Structures are given as C-alpha cells and as structure tokens.
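Everything below concerns the one structure shown next.
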Amino acid sequence: ENVWFASGGVAFRVNDDTRSGIFLDWRQSAVDGSDDPAELSGFLSKELGQSLDFAAYALLGMSDSSPDWGAGLNLNRRF
C-alpha cells in the first residue's frame with residue numbers, strides 16, 4: 001500500500017571536520033488502525049580523512065509503531 005512519508009531536520013558544522021544534526025521522520029502507517037511511525041534522530045559525524053567519515057547516531061521513537069529507542073555507528077568511505 002502506498003503511504004505518505006515526510007522527513008526534516010537541520011545539520012551544522014561544529015568545526016572543520018565535525019558535523020552534528022537532528023532529524024524528524026514521519027510516515028503514514030501501512031496498516032489500518034495502527035499508529036503512524038515517527039522517530040527523532042540525532043547524529044555526530046567526524047571526518048577521519050579526505051574520504052572517510054565516522055558517525056554515531058541515536059533515535060527516539062515518538063509513537064507506538066516506532067522503536068522506543070535505537071543507536072548505532074556508521075563508517076562511510078567515499079570513492
């Protein structure tokens with residue numbers, strides 16, 4: 001079933017090699033009678049070199065159809 005999705009947020013440079021941000025994601029439930037999932041996420045990203053970034057993120061569920069919380073790490077290599 002097709003559903004609506006919306007996402008918005010802000011990110012900014014803390015310094016030359018560090019970024020931080022916060023985002024809100026919302027989507028319409030694909031199941032009738034279920035809450036619409038919504039999550040608030042924040043991240044901190046650090047450049048480790050010209051083509052390598054490391055990031056930590058956390059999320060907070062804002063509805064019963066979202067996870068209560070979550071966290072993770074991300075290593076990104078640009079080619």
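The residues of the chain are indexed from 1 along the displayed sequence. Values in this document were obtained by computation on a predicted structure and should not be read as measured data. All values below were derived from every heavy atom in this structure, side-chain atoms included, with hydrogens, water molecules and symmetry-related copies excluded.
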*Do Val10 and Leu24 belong to the same hydrophobic cluster, where Ile, Leu, Val, Met, Phe, Trp and Tyr are linked whenever their side-chain heavy atoms lie under 4.5 Å apart, directly or via other members?*
yes
*Does Phe5 sit in a hydrophobic cluster with other residues, and if so which ones, taking ILVMFWY side chains as linked at heavy-atom separations under 4.5 Å, directly or through other members?*
none
*Would you name the heavy atoms of Gly9 and Phe23 that are closest together and state the gap between them?*
CA-CD2, 3.5 Å
_Residues in side chain to side chain donor-acceptor pair (under 3.5 Å) contact with Asn15, at least two apart in sequence or another chain_ = Thr18
Let me check something: any side-chain donor-acceptor pairs from residues 47-62 under 3.5 Å, sequence neighbours excluded? List them with distances.
from	atom 1	to	atom 2	distance (Å)
Glu47	OE2	Arg19	NH2	2.7
Ser51	OG	Arg77	NH1	2.4
Asp53	OD1	Arg78	NH1	3.2
Asp53	OD2	Arg78	NH1	2.6

_Taking salt bridge (Lys or Arg N to Asp or Glu O under 4.0 Å) as the definition, give me every residue that meets it alongside Asp17, ordered by chain and number, with sequence neighbours left out._
Lys46
*For residues 2-12, pull every pair meeting side chain to side chain donor-acceptor pair (under 3.5 Å), keeping only residues two or more places apart or in separate chains.*
Ser7-Asp25
*Is there a donor-acceptor pair under 3.5 Å between the side chain of Ser20 and the backbone N or O of Ala11?*
no
Show which side-chain atoms of residues 33-42 pair as donor or acceptor with protein atoms under 3.5 Å away, not counting sequence neighbours.
from	atom 1	to	atom 2	distance (Å)
Ser34	OG	Ser65	OG	3.1
Asp36	OD1	Ser29	N	2.9
Glu39	OE2	Ser66	OG	2.9

_Taking transitive links into account, so neighbours of neighbours count too, which hydrophobic residues share a cluster with Trp69 at under 4.5 Å side-chain distance?_
none
